[in-house]
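Order of listing sets the numbers, starting from 1, for every ligand and every atom in it. All heavy atoms count here, side chains included; hydrogens, waters and symmetry mates do not.
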Amino acid sequence: MPLIYIKGDITKMTVDAIVNAANSSLLGGGGVDGAIHRAAGEELLFECRLLGGCKTGQAEITKGYKLPAKHIIHTVGPVWRGGDNGERELLYSCYKNSLALAKENGCESVAFPLISSGIYGYPKDKAMQVAVDAIKEFLRDNDMLVYIVLFGDNALRLDDRLYSGVDSFIKQTYSPPLSAFAGASDNAAAQPMFGKAGGLFHLKKSALKKAPVEREVAAAAAAATVFKQEIIEDAECEPPESLDERLKYLDESFSQMLLRLIDEKGMTDAECYKKANIDRKLFSKIRSDINYHPKKPTAVAFAIALELPMPQARELIEKAGYSLTHTNKFDIIIEYFITNGRYDVFEINEALFAFDQVLIA
Ligand code: APR
């Protein structure tokens with residue numbers, strides 16, 4: 001994962017460089033600037049004095065001193081004045097110049113705070129968008145591990161519309177784990193189950209209304225017959241897009257299916273793994289070992305990068321040994337974005353982060 005969002009205190013990060021949201025004097029201040037100067041010790045101030053200040057949007061580098069990080073990159077973000085005074089361009093150049101300086105100094109890992117989103121008043125969701133845009137642009141042509149360190153509880157505000165869209169989808173889709181299935185109350189939501197052919201079917205509420213034993217029988221019958229496409233009257237099955245097609249690749253491994261789909265989509269390997277927010281080393285492991293089993297977030301990230309429709313996304317994820325169900329928020333959030341045709345791994349990670357879920361890739 002070349003770009004990772006985490007909650008925490010940037011002064012504790014063991015990376016090659018942390019970035020300081022400084023002011024133009026570079027002589028310390030409040031917020032993260034104050035925290036970094038306190039943690040680094042007074043030698044930092046002596047070195048900063050020699051720099052003679054820094055312009056908004058520019059960046060300077062010093063040693064890390066008592067910090068676990070080797071270097072500190074000081075950059076000065078814009079003060080938010082409503083958004084029509086070039087704030088976005090200046091903030092974008094803070095990230096761009098800091099990353100360039102990190103690369104020049106051989107850094108392989110960098111941690112950013114959300115620059116300008118504190119005392120300088122930049123709205124957090126807009127500040128996050130600029131940060132992600134600038135870091136994504138840099139990672140298109142460079143390999144580096146980049147953290148965005150979010151501080152405090154209201155660290156990240158997801159765009160309100162997106163948040164409510166995901167939240168209501170979770171509320172209407174979530175259903176108790178299968179173990180609760182037999183005793184499920186009559187008004188339980190439809191329970192997704194997988195038939196042998198991987199076809200997903202839902203037992204409608206009417207099927208759930210039967211007595212627990214009957215429900216189990218109904219579920220078993222549906223599972224047993226979905227392969228022959230004869231399903232019990234209350235079950236619905238998403239017919240596989242083409243059974244012959246699916247049968248042809250039935251014993252394909254995850255790695256083989258991934259590489260086939262990259263070719264079919266006309267993508268290069270690099271385009272795919274960068275879009276998936278996967279680093280080159282992990283991709284080359286998957287490419288060289290046809291039996292490689294990635295972690296679930298990695299398998300999901302590739303399904304997103306390939307912009308697969310839901311049935312094919314499930315199929316690719318199943319090849320890695322996992323499934324997407326309605327029994328956990330992570331899976332439901334992934335389904336929300338795929339069914340809404342939103343295939344931006346970074347936007348999905350912001351939503352997963354906002355709902356306290358593991359991130360993909
Ligand atoms: N670790 C990570 N992030 C932190 C930490 C920390 N220890 N402390 C604060 N932050 C976060 C804030 O929550 C905010 O999201 O850093 C982000 C930037 O906030 P500020 O530090 O206030 O920086 P900024 O908004 O860019 O204002 C810069 O504030 O500290 C002064 O001298 C600095 O004058 C300059 C101005």
Side-chain angles (χ1 to χ4, degrees), residues 3-42 44-49 51-62 64-83 85-99 101-102 109-135 145-159 350 353-354:
L3 170 57
I4 300 176
Y5 310 144
I6 56 168
K7 264 188 196 152
D9 176 349
I10 201 166
T11 64
K12 307 276 191 286
M13 294 292 290
T14 306
V15 287
D16 290 341
I18 63 167
V19 177
N20 178 22
N23 58 52
S24 50
S25 72
L26 295 187
L27 300 179
V32 72
D33 195 3
I36 288 174
H37 273 269
R38 282 192 298 277
E42 58 189 20
L44 172 58
L45 190 57
F46 296 143
E47 186 175 358
C48 285
R49 283 205 178 104
L51 295 174
C54 179
K55 283 206 184 76
T56 302
Q58 300 301 310
E60 296 288 349
I61 192 165
T62 66
Y65 298 103
K66 292 184 184 150
L67 288 169
K70 287 185 208 131
H71 303 283
I72 304 166
I73 292 173
H74 306 263
T75 190
V76 181
V79 176
W80 177 256
R81 302 185 200 285
N85 301 279
E87 292 95 324
R88 186 187 185 286
E89 292 68 29
L90 285 167
L91 185 58
Y92 191 98
S93 55
C94 285
Y95 290 95
K96 191 168 162 230
N97 292 328
S98 299
L99 287 163
L101 204 47
S109 55
V110 184
F112 283 95
L114 214 45
I115 300 165
S116 283
S117 70
I119 296 166
Y120 281 1
Y122 213 112
K124 282 196 189 299
D125 56 335
K126 292 182 173 35
M128 184 69 172
Q129 194 53 60
V130 176
V132 172
D133 289 351
I135 295 166
L145 180 55
V146 183
Y147 293 91
I148 297 180
V149 184
L150 298 157
F151 189 71
D153 287 341
N154 63 343
L156 176 65
R157 274 180 52 68
L158 203 57
D159 168 90
E350 284 181 44
F353 189 91

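Counting only heavy atoms from C-beta outward, the side chains of Ile148 and Val132 approach each other to under 4.5 Å. Residues Ile10 and Phe151 have side chains not in contact (no heavy-atom distance under 4.5 Å, counting atoms from C-beta outward). Counting only heavy atoms from C-beta outward, the side chains of Leu44 and Ile36 approach each other to under 4.5 Å.
Near Gly31, with a cut-off below 4.0 Å to any heavy atom, the atoms of ligand 1 are 21 (O), 30 (O). Here is the list of ligand 1 atoms found below 4.0 Å of a heavy atom in Asp33: 30 (O), 32 (O), 33 (C). In the vicinity of Asp9, heavy-atom distances shorter than 4.0 Å reach the ligand 1 atoms 1 (N), 6 (C), 7 (N). Taking every non-hydrogen atom of Ser117 and a distance limit under 4.0 Å, the qualifying atoms of ligand 1 come out as 14 (C), 15 (O), 17 (C), 25 (O). Close contacts between ligand 1 and Ala21 involve ligand atoms 23 (O), 26 (O), 28 (C), 33 (C) [criterion: under 4.0 Å to a heavy atom].
The neighbour count for Glu42 CD, taken as heavy atoms of other residues, nucleotides or ligands under 6.0 Å away, does not exceed 12.
Between Ile119 and ligand 1, an N or O atom pair is found at a separation short of 3.5 Å. Annotation: Val32 places an N or O atom under 3.5 Å from an N or O atom of ligand 1; distance criterion only. Taking any N or O of Gly34, backbone or side chain, none lies under 3.5 Å from an N or O belonging to ligand 1. By the 3.5 Å distance cut-off applied to N or O atoms, Thr11 is not counted among the residues near ligand 1. Not one N or O of Ala35 is nearer than 3.5 Å to an N or O of ligand 1, by distance alone.
Evaluation of the salt bridge (Lys or Arg N to Asp or Glu O under 4.0 Å) test over residues 65-79, restricted to residues two or more places apart or in two chains, returns Asp16-Lys70.
Atom OG1 of residue Thr62 and atom CZ of residue Phe46 lie 13.5 Å apart, to the nearest 0.5 angstrom. Between the CG atom of Leu91 and the NZ atom of Lys126 there is a distance of 12.5 Å, given to the nearest 0.5 Å.
Nearest-heavy-atom check against atom 18 (C) of ligand 1 across Val79, Leu150, Ile115, Leu114 picks out Leu114.
The aromatic rings of Tyr95 and Phe112 sit tilted relative to each other, their planes meeting at an angle between 30° and 60°.
Residue contacts with ligand 1 include Gly30, since one of its heavy atoms falls under 4.0 Å from the ligand. Heavy-atom distances between Gly152 and ligand 1 stay at or above 4.0 Å for every pair.
Partners of Ser109 according to the side-chain hydrogen bond (donor to acceptor under 3.5 Å, both in side chains) rule, which considers only residues two or more places apart in sequence or in another chain, do not exist here.
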